[in-house]
Amino acid sequence: PRGGSLYITYSGTGPEGIRLHIRRATDIPVLELGGWKTMTDAERSQTINAYLTELDNYLTVNKVGTSQTDWHNVTEISTPSVLLSLPAGAVQAGLRGISDRAAQLASSLLAWEDVLSICQTVQGISGPMESRQNIRCMQMFTGAFMYAAGNHIGIGYGSCGGMVTGRPIPAGGESSANGLFGWGIAHELGHN
C-alpha cells in the first residue's frame with residue numbers, strides 16, 4: 001500500500017548540484033547483471049550467489065513471507081535486456097527445492113535473453129534494444145493475469161515465481177514446449 005522502487009535519471013547540466021533526500025528508505029536485494037555480456041561465467045556465478053545470500057538474509061530479517069501488500073516484499077533482477085521487479089518471497093519460493101539455485105537463476109536469465117531476442121526478430125527489430133523490458137508484479141484488474149502498459153508488463157503475484165524458473169533454448173533448438181515463460185509474456189512483449 002505504500003512504498004516502491006525509486007528510479008532516478010538526470011541528464012541535465014550540473015549534476016553535482018542535484019541533491020536527493022529520501023526518508024525511510026530500505027535497501028532491497030538487487031541482482032545487477034547489466035554487464036552480463038562482458039562478465040565471465042565465474043563473475044556471473046559469484047554475483048548471483050551473493051544476491052541469493054542477500055535475498056535470503058533480507059527475507060529472514062523482514063519476515064514478509066508471501067505478503068502481497070508488504071512493501072518490503074520486493075527485489076529487482078537486472079540484465080541488459082530485462083528488469084524483473086518482483087516480490088522477494090516469490091523469487092525465493094520459485095527457486096525453493098532446486099539444488100543449485102544460482103545455476104537455475106543463471107539459466108532463467110539466459111531464457112530471458114532468448115525470449116527477448118525471438119520477440120525482437122519476429123517484430124523485425126535488428127540491433128540492440130535501446131531500453132530494457134520491465135516485468136513487474138502488479139495488482140491485477142478483474143479478469144487479467146498480465147497486461148502491457150508501454151513502459152512495463154504487469155503480472156500477478158501468482159506468476160512471479162515462474163519468472164526465475166525459465167530454461168534457455170538448447171543450442172540445437174527445441175521442437176516441443178520450451179521454458180521461455182509461456183505465451184502470456186510473449187504476447188505482452190509483442191504489445192510493448
Side-chain angles (χ1 to χ4, degrees), residues 4-9 27-56 58-59 73-95 98 100-123 125-138 146-155 157 159-171 174 178-192:
S5 295
L6 179 63
Y7 309 94
I8 300 169
T9 300
D27 185 19
I28 65 168
V30 174
L31 177 54
E32 174 53 60
L33 292 169
W36 177 272
K37 295 176 182 167
T38 59
M39 296 172 84
T40 65
D41 287 340
E43 290 170 329
R44 290 178 193 151
S45 180
Q46 180 181 10
T47 303
I48 291 170
N49 276 304
Y51 164 77
L52 290 170
T53 299
E54 181 184 11
L55 178 71
D56 292 341
Y58 178 83
L59 287 167
N73 192 9
V74 65
T75 187
E76 295 202 344
I77 300 171
S78 170
T79 75
S81 301
V82 70
L83 173 63
L84 301 171
S85 303
L86 303 171
V91 170
Q92 187 184 55
L95 296 170
I98 296 173
D100 190 345
R101 297 184 315 156
Q104 172 52 53
L105 188 50
S107 178
S108 192
L109 297 176
L110 287 171
W112 277 110
E113 295 300 311
D114 281 350
V115 74
L116 290 166
S117 175
I118 291 167
C119 288
Q120 189 174 331
T121 301
V122 167
Q123 295 166 7
I125 302 170
S126 62
M129 296 291 284
E130 292 182 17
S131 63
R132 295 180 294 191
Q133 289 289 332
N134 182 208
I135 314 296
R136 54 185 317 115
C137 182
M138 298 295 286
M146 289 183 187
Y147 66 86
N151 63 352
H152 73 276
I153 293 170
I155 62 173
Y157 190 94
S159 298
C160 291
M163 301 297 103
V164 295
T165 60
R167 292 176 291 114
I169 298 171
E174 193 171 306
N178 60 48
L180 297 181
F181 313 105
W183 70 269
I185 288 291
H187 175 88
E188 302 305 345
L189 285 169
H191 285 301
N192 275 1

Any side-chain heavy-atom pair of [X] and [Y] under 4.5 Å:
X	Y	answer
L52	L31	no
E76	L84	no
I135	V82	yes
I169	L110	no

Discussion item. With a 6.0 Å cut-off on the ring centroids, do H187 and Y147 count as close?
Written reply: no
I need the minimum non-hydrogen distance between [X] and [Y], along with the two atoms involved.
X	Y	value
G154	M138	CA-CG, 3.9 Å
I28	E54	O-OE2, 3.8 Å
W36	P80	CB-CD, 3.6 Å
N49	A102	OD1-CB, 3.4 Å
V30	T75	N-OG1, 4.4 Å
E43	T38	OE1-O, 4.2 Å

Fill in: Contacts of D56 that satisfy salt bridge (Lys or Arg N to Asp or Glu O under 4.0 Å) - sequence neighbours left out
R101
Fill in: For R44, all residues meeting salt bridge (Lys or Arg N to Asp or Glu O under 4.0 Å), sequence neighbours excluded
D41
Worksheet entry | Flag for T79-E113: side-chain donor and acceptor within less than 3.5 Å |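 Yes - a donor-acceptor pair under 3.5 Å links their side chains.
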Discussion item. For the residue pair R167 / S108, report whether a side-chain donor-acceptor contact shorter than 3.5 Å exists.
Written reply: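 No, because no side-chain N or O of S108 sits under 3.5 Å from a partner of the opposite role on R167.
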Worksheet item: With sequence neighbours excluded, what pairs up with E188 under the side chain to side chain contact (heavy atoms under 4.5 Å, CB included) test?
Response: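 Only M146, A148, I153, H191 meet the side chain to side chain contact (heavy atoms under 4.5 Å, CB included) criterion with E188.
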Ignoring hydrogens and geometry, is there a side-chain-to-backbone donor-acceptor pair from [X] to [Y] under 3.5 Å?
X	Y	answer
N73	G89	yes
S107	A103	no
Q92	G94	no

Worksheet entry | Residue that, paired with S81, satisfies side-chain contact (heavy atoms from CB on, under 4.5 Å) out of D114, L116, L109 | L116
Worksheet item: Is atom CG of D27 surrounded by more than 12 heavy atoms (other residues, nucleotides or ligands) closer than 6.0 Å?
Response: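 Check fails, neighbour count at 12 or below.
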